[in-house]
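In what follows, a structure is listed as structure tokens, so that the remarks can point back to it.
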Amino acid sequence: MSQSDDPYENLTITTGAVVEPNTSRVNKTGSWRQFKPVIDIDACIACGQCDTYCPDQAAKPVEGEDYYGFDLDYCKGCGICEEVCPTDAIEMIREVK
Amino acid sequence: MSSDRQDQDFTDEVEHGEELWNPGHRACAGCGPALAMKYITEAAGPNTIVTNATGCMEVVSTPFPESSWGTSYIHNIFENAASVAAGVEAAYQSFDRRDPDHLDVSDEDDLNIIAIGGDGATADIGFRALSGMMERGHDVTYVMYDNEAYMNTGVQRSSQTPLGASTTTSPAGTESIGNDTNKKDMASIAADHGVEYVATASISNPHDFKQKVEKALEIDGPKFLHVYSPCPVGWSYESSKTVELAELAVETGLFPVFEMENGEITSVNKISDRKPVREWLETQGRFKHLFDGEEGEETIEALQEWIDGRAEDLGLDA
């Protein structure tokens with residue numbers, strides 16, 4: 001399953017306007033964000049609550065580590081992760097761009 | 001320290017799975033229904049055909065030429081998600097009759113057919129199509145995500161909008177306390193169609209919701225699930241509170257979580273020390289007007305009475 005194809009390449013409208021799956025990944029919703037989640041990696045217990053409750057699939061395990069991090073390409077900054085984190089390891093800070 | 005935090009970025013180091021509800025969808029920050037979609041796809045897996053009514057989850061997930069879905073997906077019009085699902089199911093039954101090796105809808109490992117609609121598309125506009133699908137006995141799991149109004153078009157009331165909520169078509173003002181009706185009981189309506197499995201769930205308990213989706217998919221014939229999914233925009237609250245408010249709606253009994261099998265209530269998520277609905281109302285801008293006058297007070301009492309009545313019928317209190 002390819003998850004990175006650009007649906008805007010060679011754009012044509014087929015009968016029924018059929019589109020390929022998994023193609024919204026080209027839309028980087030991280031640009032919407034005003035507040036950014038930061039994680040205290042020492043306080044994180046890798047329970048995955050942030051992942052469970054993230055509507056944007058942006059809270060994920062960091063490869064090879066025992067803590068979670070955020071995919072800032074997609075995080076919209078809603079702050080649900082900060083609310084559901086049982087160890088208060090996540091804090092939303094105003095992002096300076 | 002503060003600049004370290006400002007620079008913290010794990011974007012290239014995080015591990016994504018094979019998500020079937022993809023990021024890049026245009027749902028508002030903190031969207032409850034977007035969580036429901038995520039849980040549905042996680043429970044159903046890739047061998048799934050989703051038919052979706054017009055509504056928030058359709059417009060945010062499939063602006064041409066993009067799709068947030070990793071499953072097969074069809075959108076047609078507002079009112080007919082159930083009819084489209086019924087047609088898809090009938091087609092697969094026919095394929096299966098002609099070629100027994102073809103994907104089989106009644107085998108949940110082969111193929112799942114799920115129709116998804118919002119509260120407006122399900123309980124109002126698509127009600128006829130849903131009734132037909134349930135009455136004809138199609139092997140389809142229908143999921144109604146309930147955010148208590150037509151949010152996509154600008155917060156018009158639906159038959160799932162609770163008593164007292166201010167919406168653009170039930171605005172609170174000197175002559176109105178907001179919406180003047182209680183939520184329509186879709187679970188009982190579905191059960192009265194002879195639907196074998198009916199359940200309600202809240203996005204605040206994904207484990208429970210996903211189990212109910214899985215259970216529904218194992219049963220032949222029509223199934224109806226009602227999932228509670230708060231909307232920060234339409235309800236007017238901070239986007240970070242979505243899960244908390246879904247949980248509070250359950251704890252106050254405004255949204256009871258239960259299962260019905262063959263018309264009988266078979267399990268109820270019991271609540272100990274059910275909280276007064278006032279605590280939930282206070283959290284949202286759409287109920288603000290209820291707290292400044294006698295009429296508002298009467299409306300809160302009326303809503304509490306309705307909740308108490310349902311709680312007694314369901315045996316909600318532990």
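Residue numbers begin at 1 in each chain, while the letters A, B, ... track the order of the sequences.
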If one checks every heavy atom of B:Glu244 against chain A at 4.5 Å, the contacting part turns out to be side chain
Between the CG atom in B:Asn22 and the OG1 atom in A:Thr23, the distance rounded to the nearest 0.5 Å is 8.0 Å
Most contact-rich option vs chain A, by heavy-atom pairs under 4.5 angstrom, among B:Cys28, B:Gly24, B:Ser68, is B:Gly24
**Q.** pair A:Lys60-B:His16: side-chain heavy atoms closer than 4.5 Å
**A.** yes
One option among B:Pro23, B:Ala29, B:Gly30 has the most heavy-atom pairs under 4.5 Å with chain A, and it is B:Pro23
Taking a cut-off of under 4.5 angstrom between non-hydrogen atoms, the residues of residues 34-44 of chain A near chain B are A:Lys36, A:Pro37, A:Val38, A:Ile39, A:Ile41
Answer key: most heavy-atom pairs under 4.5 Å with chain B among A:Arg94, A:Arg33, A:Glu95 is A:Glu95
Is a donor from one side chain sitting under 3.5 angstrom from an acceptor on the other, for B:His25 and A:Asn27?
no
Q.
Quick one, A:Trp32 and B:Arg26 - any side-chain contact, counting heavy atoms below 4.5 Å?
A. yes
Separation between CE (A:Met92) and OG (B:Ser239), nearest 0.5 Å, reads 7.5 Å
Given B:Ser72, B:Ala34, B:Ala27, the one with more heavy-atom pairs under 4.5 angstrom with chain A than any other is B:Ala27
Heavy-atom nearest pair, A:Pro21 first then B:Gly70, reads CB-CA, 4.2 Å
Checking B:Asp9, B:Thr11, B:Asp12 against A:Asp71 for side chain to side chain contact (heavy atoms under 4.5 Å, CB included), the one that qualifies is B:Thr11
Item checked: Side-chain donor or acceptor of B:Gln6 paired with backbone N/O of A:Val96 under 3.5 Å -> yes
Residue from A:Gly30, A:Cys54, A:Gly16 scoring the most non-hydrogen pairs under 4.5 Å with chain B is A:Cys54
Taking a cut-off of under 4.5 angstrom between non-hydrogen atoms, the residues of residues 202-214 of chain B near chain A are B:Ile203, B:Ser204, B:Asn205, B:Pro206
Distance col, row A:Asp56:CG vs B:Lys38:NZ, nearest 0.5 angstrom, shows 8.5 Å
Within residues 76-83 of chain A, contacts to chain B at heavy-atom distances under 4.5 Å involve A:Lys76, A:Cys78, A:Gly79, A:Ile80, A:Glu83
When rounded to the nearest 0.5 Å, the distance separating OG of A:Ser24 from CH2 of B:Trp21 is 7.5 Å
So, the part of A:Leu72 with a heavy atom under 4.5 Å from chain B: the answer is both
When the 4.5 angstrom heavy-atom criterion is applied to A:Tyr74 and chain B, the contacting part is side chain
Checking heavy-atom separations under 4.5 Å from chain A, one finds in residues 52-66 of chain B B:Phe64, B:Pro65, B:Glu66
When the 4.5 angstrom heavy-atom criterion is applied to A:Ser31 and chain B, the contacting part is neither
Most contact-rich option vs chain B, by heavy-atom pairs under 4.5 angstrom, among A:Leu11, A:Thr52, A:Thr29, is A:Thr52
**Asked** If you count the non-hydrogen atoms of other residues, nucleotides and ligands that lie under 6.0 Å from CD in B:Glu15, is the total more than 12?
**Response** yes
When the 4.5 angstrom heavy-atom criterion is applied to B:Tyr39 and chain A, the contacting part is side chain
task: For residues A:Glu65 and B:Glu13, determine if any side-chain heavy atom of one lies less than 4.5 Å from a side-chain heavy atom of the other.
output: no
Looking only at A:Pro61, A:Ala59, A:Gly64, A:Gly69, most heavy-atom pairs under 4.5 Å shared with chain B are made by A:Pro61
